[in-house]
Protein chains: 2
Amino acid sequence: MHDTFVSNPSFFKLDATLKKIRNYWQKNFDAQGKDITVDQWLLLENLYKHKRITHNELARLTSKDITTVSRIIELLVKKELVERQGSTDDRRKVYVQLTPAGVNKYKDVRPMVLEMRKTGWKDLTEKDYQELTRILDVIYGNIP
Amino acid sequence: MHDTFVSNPSFFKLDATLKKIRNYWQKNFDAQGKDITVDQWLLLENLYKHKRITHNELARLTSKDITTVSRIIELLVKKELVERQGSTDDRRKVYVQLTPAGVNKYKDVRPMVLEMRKTGWKDLTEKDYQELTRILDVIYGNIP
DNA sequence: TAGCAATAGTTGTTATAGCAACTATTTGGT
DNA sequence: ACCAAATAGTTGCTATAACAACTATTGCTA
């Protein structure tokens with residue numbers, strides 16, 4: 001734990017990298033006329049995987065605030081990619097799931113996402129991936 | 001470049017880690033009554049280092065959109081931590097620098113930031129830092 | 001079982017992010 | 001010298017992020 005990295009801008013580098021990725025994804029979505037944002041895509045991905053979940057679970061799965069999830073879902077409902085269903089057993093809960101159009105959107109966009117991930121990882125190895133994962137997990141766990 | 005990581009959510013992990021750090025920093029700023037946001041701090045840091053620079057340079061240094069910089073500077077000016085000066089040689093340019101109160105704020109907040117960086121890097125080595133830096137730099141460079 | 005705490009979700013507000021459109025200047029090519 | 005292109009910055013708009021306050025339920029406990 002020397003000053004060399006205590007004073008170094010790792011936060012800045014994480015932020016800059018993430019913005020670069022996010023902008024690249026968004027530009028590609030726009031260029032292909034996908035009419036979707038990066039974060040809307042992340043929710044679609046989780047809804048495809050989990051079929052039918054509450055706002056709360058979706059927030060936990062995506063590391064998003066529940067208010068943010070609520071508003072993104074609102075936009076996805078307007079686009080008719082997602083539908084909400086009030087729970088009958090616990091009337092506080094609202095379940096969310098993809099519409100058929102939402103499933104199509106997922107299948108339509110997914111190949112692009114895989115390609116873009118490949119682009120980001122060019123010249124990096126499986127070991128690099130594991131190292132990145134490990135280091136980020138430690139940092140995440142260190143923070144109270 | 002196997003499917004194991006092409007399909008894995010590295011974007012998500014970066015995003016989640018960054019949010020964790022950002023929220024931790026902000027909570028600490030608030031708890032100590034620093035009356036400043038994380039991104040405002042990043043600008044202060046750069047202004048302290050570079051003394052007197054334009055919005056444009058600040059945007060480049062921080063990986064922020066120039067419109068975002070313009071608005072954050074506006075808030076810092078309202079807090080009287082920063083002052084703007086129109087350039088005389090090129091009248092499109094606006095130079096920005098810390099006020100004496102801004103310098104004090106920087107010196108007041110900096111020890112907290114160093115402590116929080118230490119917390120994030122607990123149990124990690126200098127080599128880990130270099131690995132993270134290397135991997136993020138490669139990803140950054142891969143993206144057009 | 002009455003009442004209070006906890007939980008799920010929405011709404012309001014402020015900040016950051018990025019694009020488009022705009023003004024004001026400066027630069028470059030002819 | 002003139003006009004088009006480029007540059008610096010601001011403003012308007014939409015989306016994401018987070019906190020606080022609020023409603024509507026459900027669970028817990030005295």
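Order of the sequence lines sets the chain letters (A, B, ...), proteins ahead of strands, with each chain counted from 1.
Not counting sequence neighbours, the partners of A:Gln32 by the side-chain contact (heavy atoms from CB on, under 4.5 Å) test are A:Lys34, A:Met112. The side-chain contact (heavy atoms from CB on, under 4.5 Å) search around A:Arg60 returns A:Glu57, not counting sequence neighbours. Residues that satisfy the side-chain hydrogen bond (donor to acceptor under 3.5 Å, both in side chains) test with A:Glu83, not counting sequence neighbours, are A:Gln97. The side-chain contact (heavy atoms from CB on, under 4.5 Å) check on A:Asp35 picks up A:Lys79, with sequence neighbours excluded. Looking at residues two or more places apart in sequence or on another chain, you find a side-chain contact (heavy atoms from CB on, under 4.5 Å) between B:Asn142 and A:Lys122, A:Asp123, B:Val138.
Among pairs with a residue in residues 90-104 of chain A, those fulfilling salt bridge (charged side-chain N to carboxylate O under 4.0 Å, His left out) read A:Asp90-A:Arg92, at least two apart in sequence or across chains. Listed by first then second residue, pairs satisfying ring-ring contact (aromatic ring centres under 6.0 Å, His included) with a partner in residues 67-89 of chain B number zero, not counting sequence neighbours. Among pairs with a residue in residues 54-110 of chain B, those fulfilling ring-ring contact (aromatic ring centres under 6.0 Å, His included) read B:Trp41-B:Tyr106, B:Tyr48-B:Tyr106, at least two apart in sequence or across chains.
Note: CG (A:Asp39) to P (C:dA17) measures 13 Å, nearest angstrom. Atom P of nucleotide C:dT14 and atom NZ of B:Lys78 are separated by 10 Å, given to the nearest angstrom.
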Collect all protein-nucleotide pairs involving nucleotides 10-13 of chain C in which both atoms are nitrogen or oxygen and the distance is under 3.5 Å.
residue: C:dT10; atom: OP1; partner: A:Arg84; partner atom: NH1; Å: 3.1
residue: C:dT10; atom: OP2; partner: A:His55; partner atom: ND1; Å: 2.8
residue: C:dT10; atom: OP2; partner: A:Ser70; partner atom: OG; Å: 2.4
residue: C:dG12; atom: N7; partner: A:Arg71; partner atom: NH2; Å: 2.6
residue: C:dG12; atom: O6; partner: A:Arg71; partner atom: NH1; Å: 3.1
residue: C:dG12; atom: O6; partner: A:Arg71; partner atom: NH2; Å: 3.4

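A:Phe11 and A:Tyr140 are members of different hydrophobic clusters when ILVMFWY side chains are connected at heavy-atom separations under 4.5 Å.
Each of A:Lys93 and B:Asp65 was matched to the nucleotide of DNA chain C holding its nearest heavy atom; the match closer to the 5' end belongs to A:Lys93. In terms of position along DNA chain D, the nucleotide closest to A:Lys79 lies nearer the 5' end than the nucleotide closest to the other residue of the pair B:Arg22 and A:Lys79. Mapped onto DNA chain D by nearest heavy atom, A:Arg92 and A:Leu75 fall at different nucleotides, with A:Leu75 at the one closer to the 5' end.
Using a 4.0 Å cut-off, some side-chain N or O of A:Lys27 falls inside it from OP1 or OP2 of C:dC19. Checking the phosphate oxygens (OP1, OP2) of C:dA17, a side-chain nitrogen or oxygen of B:Lys64 falls inside 4.0 Å. Phosphate contact (OP1/OP2 of C:dA17, side-chain N/O of A:Gln26, threshold under 4.0 Å): absent. For C:dG18, one of the phosphate oxygens OP1 or OP2 lies less than 4.0 angstrom from a side-chain nitrogen or oxygen of A:Asn23.
Residue contacts shown for B:Thr54 are limited to sugar-phosphate atoms, with no base heavy atom under 4.0 Å away. Among the atoms of the strands shown, none is found under 4.0 Å from any heavy atom of B:Asp30.
When each of B:Asn23, B:Thr17, B:Asp15 is paired with B:Lys19, the side-chain hydrogen bond (donor to acceptor under 3.5 Å, both in side chains) condition holds for B:Asp15 and for no other.
Near DNA chain D, meaning a heavy atom under 4.0 Å away, there are no residues from residues 135-144 of chain A.
For C:dT25, its base never sits under 3.5 Å from the side chain of B:Arg91 at any donor and acceptor pair.
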Show me the donor-acceptor pairs within less than 3.5 Å that the side chains of residues 68-77 of chain A make with the rest of the protein, sequence neighbours left out.
none

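To the nearest 0.5 Å, atoms CG (A:Leu136) and NZ (B:Lys20) are separated by 12.5 Å.
Of all nucleotides in DNA chain D, those with any atom nearer than 4.0 Å to a heavy atom of chain A start and finish, going 5' to 3', at D:dA15 to D:dT26.
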